[in-house]
K.L.:
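First, the structure itself, so that you have it in front of you.
Just so it is clear, the values below take in all heavy atoms, side chains as well, and ignore hydrogens, waters and symmetry mates.
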Amino acid sequence: MSLEVDSADGSEALAAAMRAKRLQGLVQGRREYLGLSQEDVAGRLTMSSRAYGNWERGVVREWTDHKLYALAEALEMTPYQTARLFWIAVGRTPQPEFAIAGRHDLGECPATAAFLDDYFVMMNALSLPAFLIDHRWDVKKANSAYRDLFHGVRRHHDAMPAGNFLRFGLFHPDAPHILAKHADWMLSMLAQLAASLERHDQDPVLQAIRRDVYRDPALREAYVNELPGWVLGAGADLIHHGDGVRLLRHPDPEVGLRECRLIEETPRPLQALSLTRITLVLTDADDADAGERRPCHDHHAA
């Protein structure tokens, strides 16, 4: 009887090892096909490189649908590739209802989910960074150009650009490097926070951001004393600013320092989901004096 148990345990261990090897071949192969490092994918998943390395090797206590869909999204997998990922990891096909939840609960009906899938394809075809936010400025979806813009950002417990754009701009230590002339960004983000709180004064996420602003002496000073005068002059929040051109430093040295304007363009289906699409229009900073601004399309082909 003991020999039979040992034989069964050995067979299960061998099957698990083979499954992990196949999973590593798929995940690592897809990552390398995209030209991404383990650190790049870990950043997309907002996890440590070590933890992602375990995922890639199949060293995971339990593969949940949420983990698998997040991995498929980070590796920009097609539906066929996602189905293969599920078959190898858990021996079954994906469950569509979890796919919707894995996309930050966007879209509850098949028609909406289909629209979002097509809309994300369109977003990824853009050469300019673009992302979807809710009223809290939580980033619900971002295209590859947006991820490339922030791929070198160091990990932070609650201020990653893939999490909340306001938190990143206000609290992340890397923000002043990317968001050049950071004081201009900071005041407009504080104005955006104040405007969002006027519309959603009971929202706990926005209230938490305001509490963290008050805990920081420099931000508290700007919010309490500088912001009222700035709003009277600018008269707008982060998006709706008539002269809202700011400087942004792209990590690609061939792109470098650019002027950046936030453009809001939200179709009705997204409005119905209480989402807003923001595009960061990047133009040559050297052309500012000449009044000529050429869109930056050289980094990503549309």
Side-chain angles (χ1 to χ4, degrees), residues 31 33-46 49 73-76 120-133 137-156 159-189 192 237-239 241 243-265 276-302:
R31 173 177 62 77
Y33 174 82
L34 294 173
L36 300 173
S37 66
Q38 288 193 348
E39 290 75 15
D40 292 332
V41 182
R44 293 183 175 188
L45 291 164
T46 63
S49 299
E73 185 173 355
L75 292 172
E76 302 172 27
F120 297 155
V121 170
M122 184 276 293
M123 280 181 58
N124 268 322
L126 296 176
S127 61
L128 296 168
F131 56 109
L132 299 182
I133 56 168
W137 282 70
D138 283 344
V139 176
K140 296 301 185 180
K141 189 74 177 181
N143 68 358
S144 57
Y146 180 92
R147 294 194 295 268
D148 288 345
L149 174 61
F150 297 109
H151 82 275
V153 167
R154 292 171 291 176
R155 286 192 55 77
H156 191 281
M160 293 299 289
N164 184 286
F165 191 75
L166 292 182
R167 276 199 170 278
F168 167 74
L170 293 172
F171 305 119
H172 199 292
D174 292 346
H177 177 73
I178 299 174
L179 307 179
K181 290 191 175 180
H182 188 247
D184 294 341
W185 285 91
M186 179 185 68
L187 280 170
S188 59
M189 286 183 166
Q192 181 63 59
D237 52 25
L238 184 57
I239 301 173
H241 192 322
D243 191 27
V245 177
R246 303 170 189 88
L247 290 179
L248 182 147
R249 185 176 290 105
H250 199 286
D252 186 337
E254 295 185 3
V255 180
L257 191 66
R258 298 278 172 165
E259 288 190 341
C260 175
R261 184 187 297 275
L262 278 69
I263 300 293
E264 176 192 358
E265 188 176 33
T276 300
R277 173 186 150 193
I278 307 295
T279 302
L280 304 180
V281 178
L282 308 181
T283 55
D284 290 346
D286 292 340
D287 291 340
D289 294 336
E292 297 175 0
R293 298 190 177 102
R294 297 193 306 272
C296 171
H297 295 298
D298 52 341
H299 186 57
H300 288 274

K.L.:
Using the salt bridge (charged side-chain N to carboxylate O under 4.0 Å, His left out) criterion, which residues pair with R147? Sequence neighbours excluded.
P.N.:
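Here the qualifying residues are E76.
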
K.L.:
Closer than 3.5 angstrom, by distance alone: can the side chain of Y146 be matched with the main-chain N or O of L280 as a donor-acceptor pair?
P.N.:
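Absent.
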
K.L.:
Rounded to the nearest 0.5 Å, what separation is found between the OG1 atom of T46 and the CE atom of M160?
P.N.:
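It comes to 7.0 Å.
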
K.L.:
When rounded to the nearest 0.5 angstrom, what distance separates OG1 in T276 from CD in E264?
P.N.:
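Rounded to the nearest 0.5 Å, the OG1-CD separation comes out at 5.0 Å.
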
K.L.:
Run the salt bridge (charged side-chain N to carboxylate O under 4.0 Å, His left out) test against D174 and tell me which residues pass, sequence neighbours left out.
P.N.:
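D174 satisfies salt bridge (charged side-chain N to carboxylate O under 4.0 Å, His left out) with R154 once adjacent residues are dropped.
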
K.L.:
What pair of heavy atoms forms the shortest contact from L257 to A180, and how long is it?
P.N.:
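Distance-wise, the nearest heavy atoms are CD1-CB, 3.9 Å.
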
K.L.:
List the atom of P161, the atom of V153, and the distance in Å for their closest heavy-atom pair.
P.N.:
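Closest heavy-atom pair between P161 and V153: CD-CG1, 4.1 Å.
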
K.L.:
Side chains of N164 and D138: do they bring a donor and an acceptor to under 3.5 Å?
P.N.:
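Yes, side-chain donor-acceptor contact under 3.5 Å.
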
K.L.:
Rounded to the nearest 0.5 Å, how far does CG of L247 lie from CG of L179?
P.N.:
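Atom-to-atom, L179:CG and L247:CG are 10.5 Å apart.
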
K.L.:
Counting N and O atoms only, with roles assigned by atom type, does the side chain of R44 sit under 3.5 Å from a partner on the main chain of A74, one being a donor and the other an acceptor?
P.N.:
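Side chain of R44 to backbone of A74, a donor-acceptor pair under 3.5 Å: yes, one is there.
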
K.L.:
Please examine the side chains of P173 and H156, heavy atoms only from C-beta on, and report whether any two atoms are closer than 4.5 Å.
P.N.:
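Of all side-chain heavy-atom pairs linking P173 with H156, at least one is under 4.5 Å.
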
K.L.:
Considering non-hydrogen atoms only, spot the tightest contact between M123 and A130 and give its length.
P.N.:
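Between these two residues, the closest heavy atoms are CE-O, 3.6 Å.
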
K.L.:
Does any part of the side chain of I278, heavy atoms only, come nearer than 4.5 Å to the side chain of I263, both counted from C-beta?
P.N.:
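No, every pair of side-chain atoms sits at 4.5 Å or beyond.
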
K.L.:
Would you please say whether a donor-acceptor pair under 3.5 Å links the side chains of R246 and S188?
P.N.:
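Yes.
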
K.L.:
For the CG atom of D252 and the CG atom of D148, what is their distance to the nearest 0.5 Å?
P.N.:
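So the CG of D252 and the CG of D148 are separated by 8.5 Å.
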
K.L.:
Is any side-chain heavy atom of L132 less than 4.5 Å from a side-chain heavy atom of F120?
P.N.:
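In contact.
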
K.L.:
Does a side-chain heavy-atom distance below 4.5 Å link R258 with T283?
P.N.:
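They are not in side-chain contact.
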
K.L.:
H182 side chain to G169 main-chain N or O, any donor-acceptor pair under 3.5 Å?
P.N.:
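It does hold such a pair.
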
K.L.:
Sequence neighbours excluded, which residues qualify as side chain to side chain donor-acceptor pair (under 3.5 Å) partners of R277?
P.N.:
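R277: side chain to side chain donor-acceptor pair (under 3.5 Å) contacts with Y119, T279.
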
K.L.:
Given side chains that start at C-beta, do those of F168 and V139 come closer than 4.5 Å, heavy atoms only?
P.N.:
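No, every pair of side-chain atoms sits at 4.5 Å or beyond.
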
K.L.:
Sequence neighbours left out, what passes side chain to side chain donor-acceptor pair (under 3.5 Å) with D184? Give chain and number order.
P.N.:
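For D184 there are no side chain to side chain donor-acceptor pair (under 3.5 Å) partners, ignoring immediate neighbours.
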
K.L.:
Of all residues at least two apart in sequence or in a different chain, which pass the side chain to side chain donor-acceptor pair (under 3.5 Å) check with E39?
P.N.:
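Listed in chain order: S37.
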
K.L.:
May I ask you to check if K140 and F131 form a cation-pi contact, with NZ or CZ under 6.0 angstrom from the six-membered ring centre and within 45° of the axis?
P.N.:
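No - K140 does not lie over the ring of F131 by the 6.0 Å and 45° rule.
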
K.L.:
Quick check for you: to the nearest 0.5 Å, what is the distance between L128 atom CG and L282 atom CG?
P.N.:
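Nearest 0.5 Å value for the CG-CG distance: 6.0 Å.
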
K.L.:
What's the separation between atom CG in L170 and atom CE in M189, rounded to the nearest 0.5 Å?
P.N.:
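Those atoms lie 6.0 Å apart.
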
K.L.:
Are any side-chain N or O atoms of N143 and backbone N or O atoms of P129, one a donor and one an acceptor, separated by less than 3.5 Å?
P.N.:
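Flag not set: sc N143 to bb P129 has no pair under 3.5 Å.
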
K.L.:
H172: which residues meet the side chain to side chain donor-acceptor pair (under 3.5 Å) condition with it, sequence neighbours left out?
P.N.:
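Per chain and number, H172 pairs via side chain to side chain donor-acceptor pair (under 3.5 Å) with no residue.
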
